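To start, the structure under review is shown below, and the notes come after it.
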Amino acid sequence: MNSVLSGVVKYLPVLAAVLFEIITTADAAATNGMMGAFNCSQPPKFDNFDISKCCRLPNINLGSVVDKCHKHVKSLKSHNANYPAYAHVCYPECIYRETGSFIDGDIQMETVRNFLQNNIEQRDKIIVPTIVKSFETCMTNIKNTMQARGIKSYPKIDGLGCSPYASMVYGCVNAETFLHCPPEMWQEESSCNVAKNFALQCNPLPHVPLPMI
């Protein structure tokens, strides 16, 4: 397996993973509410801080899709029983495929938009435009970066069970949505604000590493 992808196999770059990886050392920024320039090599450290609580995640009806994708991931040779199925790099591709949003190796934006609008609970629909915009921003950025590198597509990786493309989009969308979370769903706390400002400065688009092939 490509060495660049070996680390990706273990962890899906979901919101918590993307942002906690850059918030692991240094001290005190959260307590004094610093919002100025950060030293990106010395990110703030938060004790007992759950970053997933900063932007309330919407309730979304995925029906039987979750169970199907858990079974699919566990059937892959690359599955590691030490980690949950949703942490596998192939999990997002399965979710998108089972919801009709992933066809011929690419995300179908109209399907994504309709699925979100029809399956997110009414009280959470305010975040739908943010998520849709995150998809559009991330896909444009990732595809432009791929084009600049001469990469037409990310093929299915032998031994992995999928292409890494869907998980790259998934990780980017989660991070981008976090950064642009609607005020109605944002937890206005100093730790959350510091985390967001640090990520804005130090974790630019596409927010996740793009493997070279």
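These figures come from a predicted structure and were not determined experimentally. Residue numbers count from 1 along this sequence.
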Q. Is Ser78 reaching over with its side chain to a backbone N or O of Leu160, donor-acceptor style, under 3.5 angstrom?
A.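 Answer holds: yes.
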
Q: Any chance you could lay out the disulfide (SG to SG under 2.5 Å) test for Cys192 and Cys54, step after step, and finish with the verdict?
A: CA-CA 6 Å; Cys192 291; Cys54 293; 2.1 Å; yes

Looking at every non-hydrogen atom in both residues, tell me the closest pair between [X] and [Y] and how far apart they are.
X      : Y      : value
Pro92  : Ser167 : CG-CA, 3.8 Å
Cys40  : Gln201 : SG-NE2, 3.8 Å
Ala166 : Tyr96  : O-CE1, 3.7 Å
Lys196 : Leu179 : CD-O, 3.5 Å
Met146 : Ser153 : CE-CA, 3.7 Å
Leu57  : Met185 : C-CE, 4.4 Å

Q: Give the cluster check for Leu205 versus Phe198: same hydrophobic cluster or not, with ILVMFWY residues linked at side-chain heavy-atom distances below 4.5 Å.
A: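 No, separate clusters.
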
Q) Should Ile103 and Val112 be counted in the same cluster of Ile, Leu, Val, Met, Phe, Trp and Tyr side chains packed under 4.5 Å apart? A)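 Cluster IDs for Ile103 and Val112 differ.
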
Hey, what do you get for [atom1] ([X]) to [atom2] ([Y]), rounding to the nearest 0.5 Å?
X      : Y      : atom1 : atom2 : value
Arg97  : Ile95  : CZ    : CD1   : 9.5 Å
Ser191 : Asp50  : OG    : CG    : 11.0 Å
Ile151 : Ile142 : CD1   : CD1   : 11.5 Å
Cys55  : Asn174 : SG    : CG    : 10.0 Å
Asn59  : Ile120 : CG    : CD1   : 9.0 Å

Q: Just jot down the side chain to side chain donor-acceptor pair (under 3.5 Å) partners of Gln108, sequence neighbours excluded, or say none.
A: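 Scan of Gln108 (side chain to side chain donor-acceptor pair (under 3.5 Å), adjacent residues dropped) gives none.
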
Q: Applying side chain to side chain contact (heavy atoms under 4.5 Å, CB included), run through Ile60 and Phe115 and close with a yes or a no.
A: CA-CA 9 Å; Ile60 182 168; Phe115 184 86; 3.7 Å; yes

Q: In sequence, state the C-alpha distance, the side-chain angles, and the governing distance for Lys143 and Asp106, and then conclude on side chain to side chain contact (heavy atoms under 4.5 Å, CB included).
A: CA-CA 11 Å; Lys143 288 182 177 181; Asp106 205 0; 2.6 Å; yes

(Q) Contact between Asn141 and Cys172 at the side-chain level, heavy atoms closer than 4.5 Å - yes or no? (A)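 Sidechains of Cys172 and Asn141: no contact.
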
Q) Any side-chain heavy atom of Met109 within less than 4.5 Å of one from Phe135? A)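 Counting from C-beta outward, Met109 and Phe135 do come under 4.5 Å.
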
Taking only distance into account, with no hydrogens and no angle test, what donor-acceptor pairs under 3.5 Å do side-chain atoms of residues 61-76 form with protein atoms, sequence neighbours excluded?
residue, atom, partner, partner atom, Å
Asn61, OD1, Gly63, N, 3.0
Ser75, OG, His72, O, 2.5

(Q) Applying side-chain contact (heavy atoms from CB on, under 4.5 Å), can you list everything that pairs with Ser163, at least two apart in sequence or on another chain? (A)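 Checked Ser163 against side-chain contact (heavy atoms from CB on, under 4.5 Å); matches are Glu93, Tyr154, Tyr165.
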
Q: If a pair satisfies salt bridge (Lys or Arg N to Asp or Glu O under 4.0 Å) and one of its residues is in residues 54-63, list it, with sequence neighbours excluded.
A: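 Sorted result for residues 54-63: Arg56-Asp124.
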
Q: Name all residues meeting the salt bridge (Lys or Arg N to Asp or Glu O under 4.0 Å) criterion together with Lys125; count only those two or more places apart in sequence or in a different chain, and write none if there are none.
A: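 Partners of Lys125 by the salt bridge (Lys or Arg N to Asp or Glu O under 4.0 Å) criterion come out as none, since no residue qualifies.
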
Q) Using 30° and 60° as the class limits, which term best fits the ring planes of Tyr91 and Tyr86: parallel, tilted or perpendicular? A)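 If you compare the ring of Tyr91 with that of Tyr86, the planes turn out perpendicular.
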
Q.
Test: side-chain hydrogen bond (donor to acceptor under 3.5 Å, both in side chains). Region: residues 175-188. Which pairs qualify, not counting sequence neighbours?
A.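 Matches after skipping sequence neighbours: Ser134-Thr177, Glu176-His180, Glu176-His207, Trp186-Asn193, Gln187-Glu189, Glu188-Asn193.
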
Q | Residues Cys90, Cys162; criterion disulfide (SG to SG under 2.5 Å); working and verdict | A | CA-CA 6 Å; Cys90 293; Cys162 66; 2.1 Å; yes

Q: Using the side chain to side chain contact (heavy atoms under 4.5 Å, CB included) rule, take Tyr170 and Cys138 through it: C-alpha gap first, then chi angles, then the decisive distance, then the call.
A: CA-CA 9 Å; Tyr170 186 82; Cys138 287; over 6 Å; no

Q: I would like to know whether Arg113 and Glu136 meet side chain to side chain contact (heavy atoms under 4.5 Å, CB included); could you show each step before the answer?
A: CA-CA 11 Å; Arg113 184 181 293 104; Glu136 293 171 343; 3.1 Å; yes

